[in-house]
Number of protein chains: 2
Amino acid sequence: MNTNYDDFEHPEVTVDLVIFTVNEEKLKALLIKRAEMPYANIWSIPGGFLKKDESLDNAAIRVMKEKTGVKEVYLEQLYTFGRPERDPRMRVITVTYFALIPWTSLIPPESSKVTDLAWLAVDELPELAFDHREILEYATQRLRTKASYSNIVYGLLPAHFRLSDLQNIYEIIIARDLDKRNFRKRMLATGLLQETGRKEITGAHRPAMLYKFKKREFVLLD
Amino acid sequence: MNTNYDDFEHPEVTVDLVIFTVNEEKLKALLIKRAEMPYANIWSIPGGFLKKDESLDNAAIRVMKEKTGVKEVYLEQLYTFGRPERDPRMRVITVTYFALIPWTSLIPPESSKVTDLAWLAVDELPELAFDHREILEYATQRLRTKASYSNIVYGLLPAHFRLSDLQNIYEIIIARDLDKRNFRKRMLATGLLQETGRKEITGAHRPAMLYKFKKREFVLLD
DNA sequence: CCAAAAGTGTTATTGATACACCCATGC
DNA sequence: GCATGGGTGTATCAATAACACTTTTGG
C-alpha cells in the first residue's frame, strides 16, 4: 500500500439499495423522489452515507429499516460503483445491495400517503438520478440470472405459499411462461419445499396445498 | 440521502487485487510481504489507495501494472469489504478485484530477485495481513464457481494452447480429474475454440493441435 | 521398438421438454 | 351445473457420464 497520502483524497462512501418486490404481476423496485439538488424531483434508489463504525451490511440494513416496515429481508451485496463523475458534487463511491421482500410484508401495502416513495415496475422506469438506472439494470439482471439457478425467490414470497404463487413469481422474473406440470415436478424434486398441510380458502375453487421453503437465508431487522 | 455530514466520516477507499495464475500444477496468488506496521513482514495481497479522479477499474489496472509485467489481464470486480476494524489504523473500505494471468506471460517468470513478491499456492497459505485470507478465499471460491460454467480460464492460458493444457487448468482449479474424451467433446462442442493449425514440437510424442479462444475479454494495460 | 502424450466412439443414464385431462370447491 | 384454479403421468429428446484402445512422434 502507498503511504503518500498527498496523492489521495478520501471519497465519500454511500450504500444504495435496489429493493425488489413483485406486485400486480410486475417486478417492481422501491424508488424515492429526491427533494434536493442535484436531481431534485427525480427518482432515485434509497441509500445513505456509511457511518463511522458501521459495517457495509449494517448500513444496508439501516437503510432498509428506514424505508420499509419489513422484519426480515433477503439482502446481498451487488457491486460497487465509483466513476469519478457519478455525483456532480463530490467523489462518491457507492456500495450497492439488492434486497427482496414479499409484497405481503409491506405494512401498510403501498406504504402510507407519502408521494415521494413509490414501487415502480422495472421495465417502465422514469428518468433516474445519478447512475441509478445503470445500478438498477445491473440488479435486475443479477436477480434474473440468480433466480434461474437458485431458490432466492423465497425472498419475494410469504412464508407459506401455493405452488402456483411460486410459479407466478418465476414467470414474472424470467419473463417467460412455464409448464405447470414440469415446474411442479422440478420444484418438488429439489427437496427444498415442505408441505405445511394447511389449505387456503380463497375463491370458488379447490383449495391449494401450502408450502414453505425448508431453508431461507434472511437478514433480520431488529 | 442524509445530508447531516456530522454523523459521518470519510473512510479511506483502497483497491486490493487477488491475482491468480497456475504454475507447477497449482493455483497460485501473487502476495507481497509487508514492510511496515501493522502486519510488518506478513504477506498481503497487492493493493493501493484509490486516487482522486480515478475510477475503481482504473485503480485496479494501475495496481496490476505496478506489480506485474503483463500486457493484458482478465479483471473482474469481486466484492467490497468494510468491517470497521479490518484495518487497525483507520477506517478502510476495500473494493477487491480478481485477476487471471497466464504464467507464461510473466517476465521474467518468478519476477526478478525481489523477495517481497511471491506466488504462493492458495491451498498452502501462510498467515495473511488484515482480512486478506477471507478475501483470498472468497476469490478462490468465485474462480472455482465461475470456471464451472464459463470460459474465463482463458485468462490463465497463453493465446495458443493444447486441449491437454486446457484440461489441466480446469482440473487444477476444480480439484478433480476429468475424462479426456468427454472433456474434448464438450469443449469443441461449445464452438468457442478455434484450431490454429500449427503444431507444437516439444517432446518425444505426437505433436498436439493448438487452439485459441475465439473470444476473450481482457483489460489491456497501456 | 519403446516411451509419451495425442487423439478418437459407443452405450447407459439422467435430466429437460412437450403435452391434456380430471378434481374439489363456491356460488 | 358451471366457473375457477388445483392437481396429476408419460413419451421423447438432449446432455452427461462411463469406459479403452490406436496413432504419431523422438530417441
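We use all heavy atoms of the structure for the numbers below, so side chains are in, but hydrogens, waters and symmetry mates are not. Order of the sequence lines sets the chain letters (A, B, ...), proteins ahead of strands, with each chain counted from 1.
- When each of T94(B), T80(B), T96(B) is paired with T80(A), the side-chain hydrogen bond (donor to acceptor under 3.5 Å, both in side chains) condition holds for T80(B) and for no other.
- Distance H205(A) NE2 to dC27(C) C1': 13 Å, rounded to the nearest Å.
- Listed by residue number, the members of residues 163-179 of chain B with any heavy atom below 4.0 angstrom from DNA chain C are S164(B).
- Once rounded to the nearest 0.5 Å, the distance linking CE of M187(A) with CG of L192(A) reads 8.5 Å.
- Computed from coordinates, the M209(B) CE to dT24(D) P distance equals 13 Å when rounded to whole Å.
- Using modelled atom types, one side-chain atom of Y154(A) and one backbone atom of E217(A) make a donor-acceptor pair closer than 3.5 Å.
- Separating the CE atom of M187(B) from the P atom of dA6(C) is a distance of 16 Å, rounded to the nearest angstrom.
- In this structure, the NZ atom of K199(B) is 6 Å from the P atom of dG7(C), given to the nearest Å.
- Distance from the side chain of A204(A) is smallest to dG26(C) among dT8(D), dG26(C), dG5(D).
- Judged purely by atom type and a 3.5 angstrom limit, E127(B) has no side-chain atom pairing as donor or acceptor with the backbone of I42(B).
- Judged purely by distance below 3.5 Å, without hydrogens or angles, the side chains of E25(B) and N168(B) pair a donor atom with an acceptor atom.
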Worksheet item: Quick one: what's the B/S/- string for nucleotides 10-17 of chain D, heavy-atom cutoff under 4.0 Å, read 5' to 3'?
Response: B------B
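- A tilted orientation is assigned to the rings of Y74(B) and F98(B), their planes being inclined by 30° to 60°.
- Atom-to-atom, CZ of R184(B) to C1' of dG9(C) comes out at 14 Å; the value is rounded to the nearest Å.
- Atom CZ in F183(B) sits about 18 Å away from atom P in dG9(C), given to the nearest Å.
- Counting only heavy atoms from C-beta on, R206(B) has its side chain closest to dG7(C) among dG7(C), dG9(C), dA24(C).
- Along DNA chain C, the nucleotide closest to K180(A) and the one closest to P207(A) are compared, and the more 5′ of them pairs with K180(A).
- When rounded to the nearest whole Å, the span between CZ of R162(A) and P of dG7(D) equals 9 Å.
- Between the E171(B) side chain and the L178(B) main chain, a donor and an acceptor come within less than 3.5 Å of each other.
- Using cut-offs of 30° and 60° on the angle between ring planes, the pair F161(A) and F213(A) is tilted.
- Side-chain N or O atoms of H132(B) include none that pairs as donor or acceptor with a backbone N or O of S44(B) at under 3.5 Å.
- For the pair Y211(A) OH and dG6(D) P, the computed distance is 12 Å after rounding to whole Å.
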